Each structure stands twice: as C-alpha cells, then as structure tokens.
Amino acid sequence: MEAGFFDKVFDVVRQIPHGRISTYGTIAKHIGSPKAARMVGWALNKSSTEKEFVPAHRVVNRKGLLTGKRHFANQNTMREMLESEGVIIIEDQIQNFEELLWYPSLN
DNA sequence: TTAGTGACTGTAG
DNA sequence: GCTACAGCCACTA
C-alpha cells in the first residue's frame, strides 16, 4: 500500500501542534504539489470519514481566513475549536496569523 | 468514459 | 492593493 495524496495530507495535518495553524499551500508544498492546494481542502473534507481525528480546523487559507468553516457541522465549530486552543479570531480572520503559522518539518 | 466540481495559490496586468 | 486565469489531483454523477 502506498500513501496517496489524502493520506499524506492527513499525516501532515495531524502533526500540527495544538494551538497552531497551517495553510493549504504550505501542506501541499510539503507533500510535493504546491499547486494542488485544492486537494488538501478536498482531503480534509473527506477527513470526517477517517477513524483518527484530523485537526482540519487548524488549516486555513493563506490569508488566515476560515474559508473551510462552512464544511463543519456548524459554521461556528471551526472558530470555537480554534479559540478553545487559544487562537484569537475576529470575523473568520485569525489574528497574529503569521505568528501561529506552523510549517511542517521533515521527519 | 467524459465532464464537472472543489476547504487554493501563484503569476500577470 | 485588486481582478483574472491557469494548474494541480481526486471524487462523483
């Protein structure tokens, strides 16, 4: 079995530390396809079917905007989960976004 | 099988 | 700074 694009995405996303965030492009680039950022979002959408929890709420677009919140059960879920981790969000926009941004490290 | 769609990003004007 | 377009891969109908 080879890890597909989705599996790689899940693996990277699960490495995001508590209270930190990352972006679709950063993850896609880490996997090897910077232009396939869309697929990262697609994978996260499917992540709800994964047995192991995937912190999809820690992944936002490059502006620090919660563009994926509408894919959660409730549109407040994503913000609430992030806030519970200490992330400050105002109108779907992550504050101190650049400081919280986490870059995947090569294992 | 083909066509359409999607939680995005980088480049160009 | 903004808008417009192309590229990327997988899934569904």
Side-chain angles (χ1 to χ4, degrees):
Chain A
M1 283 198 25
E2 297 177 24
F5 195 95
F6 282 32
D7 296 308
K8 292 179 183 176
V9 172
F10 299 148
D11 188 56
V12 175
V13 174
R14 280 195 274 248
Q15 291 180 52
I16 301 177
H18 183 278
R20 301 293 297 283
I21 56 177
S22 194
T23 72
Y24 303 99
T26 298
I27 295 169
K29 185 176 182 179
H30 180 72
I31 293 173
S33 302
K35 298 292 180 72
R38 292 189 187 188
M39 294 297 85
V40 176
W42 197 276
L44 294 179
N45 180 277
K46 190 189 173 190
S47 72
S48 54
T49 66
E50 286 289 300
K51 291 184 178 180
E52 295 208 19
F53 176 69
V54 178
H57 59 282
R58 295 181 188 149
V59 184
V60 298
N61 73 352
R62 78 183 207 89
K63 299 173 193 166
L65 221 48
L66 307 189
T67 53
K69 66 169 189 171
R70 57 198 188 91
H71 292 274
F72 285 78
N74 300 304
Q75 301 204 353
N76 293 335
T77 305
M78 190 171 186
R79 179 178 57 77
E80 290 177 0
M81 291 183 77
L82 285 170
E83 290 185 333
S84 70
E85 295 184 359
V87 180
I88 300 175
I89 299 170
I90 299 179
E91 297 192 359
D92 302 335
Q93 165 90 32
I94 294 178
Q95 307 303 299
N96 58 339
F97 161 64
E98 295 183 8
E99 292 178 28
L100 296 178
L101 187 55
W102 175 83
Y103 295 89
S105 58
L106 307 172
N107 291 326

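Just so it is clear, the model here is predicted, and its values are computed rather than measured. Each chain gets a letter, A, B and so on, in the order the sequences are listed, and its residues count up from 1. Only heavy atoms go into these numbers, but all of them, side chains included; no hydrogens, no water, no symmetry mates.
Atom CH2 of A/Trp42 is separated from atom P of B/dT9 by 17 Å (rounded to the nearest Å). Here the P atom of nucleotide B/dC8 and the CZ atom of A/Arg70 are 8 Å apart, to the nearest Å. Between the CG atom of A/Leu65 and the P atom of B/dT9 there is a distance of 10 Å, given to the nearest Å. Here B/dT9 presents its P atom at 8 Å from OH of A/Tyr24, a figure rounded to the nearest Å. Across the protein-nucleic acid pair, A/Lys63 atom NZ and B/dA7 atom C1' stand 13 Å apart, rounded to whole Å. Rounded to an integer number of Å, the gap from CZ of A/Phe6 to P of C/dC11 is 5 Å.
Residue pairs satisfying the salt bridge (Lys or Arg N to Asp or Glu O under 4.0 Å) criterion with at least one member in residues 58-68 of chain A, sequence neighbours excluded, are listed as follows: A/Arg58-A/Glu85.
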For nucleotides 6-9 of chain C, tabulate all protein N/O to nucleotide N/O atom pairs closer than 3.5 Å, reporting atom names and distance.
residue	atom	partner	partner atom	Å
C/dG7	O6	A/Arg38	NE	3.4
C/dG7	O6	A/Arg38	NH2	2.1
C/dG7	N2	A/Lys35	O	3.0
C/dC8	O2	A/Lys35	O	3.0

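Contacts between residues 83-94 of chain A and DNA chain B, counted as heavy-atom distances below 4.0 Å, involve no residue at all. Using a 4.0 Å cutoff on non-hydrogen atoms, the parts of residues 45-52 of chain A near DNA chain B are A/Asn45, ordered by number.
Atom CD1 of A/Ile94 is separated from atom CG of A/Leu101 by 9.0 Å, given to the nearest 0.5 angstrom. To the nearest 0.5 angstrom, A/Met78 atom CE is 11.5 Å from A/Gln75 atom CD. Annotation: the span from A/Trp102 atom CH2 to A/Ile27 atom CD1 amounts to 8.0 Å, rounded to 0.5 Å. The distance from atom CD of A/Glu80 to atom CG of A/Asn74, rounded to the nearest 0.5 Å, is 8.0 Å. Remark: A/Asn61 CG to A/Leu66 CG distance equals 8.5 Å, nearest 0.5 Å.
Set against B/dA7, C/dA10, B/dT9, the side chain of A/Asn61 has B/dT9 as its closest nucleotide.
The phosphate of B/dC8 has OP1 or OP2 within less than 4.0 Å of a side-chain N or O from A/Thr67.
Qualifying salt bridge (Lys or Arg N to Asp or Glu O under 4.0 Å) partners for A/Lys69, counting only residues two or more places apart in sequence or in other chains: A/Asp92. Not counting sequence neighbours, A/Arg20 has no partner by the salt bridge (Lys or Arg N to Asp or Glu O under 4.0 Å) test.
Here the side chains of A/Gln95 and A/Ile90 are in contact, with some heavy-atom distance below 4.5 Å.
A/Phe6 and A/Phe10 have perpendicular rings, their planes meeting at more than 60° on a 0 to 90° scale where under 30° would count as parallel.
Using a 4.0 Å heavy-atom criterion, one finds that A/Ala28 contacts no nucleic acid atom at all.
Put simply, the side chain of A/Thr26 never gets that close to the backbone of A/Tyr103: no donor and acceptor are under 3.5 Å apart.
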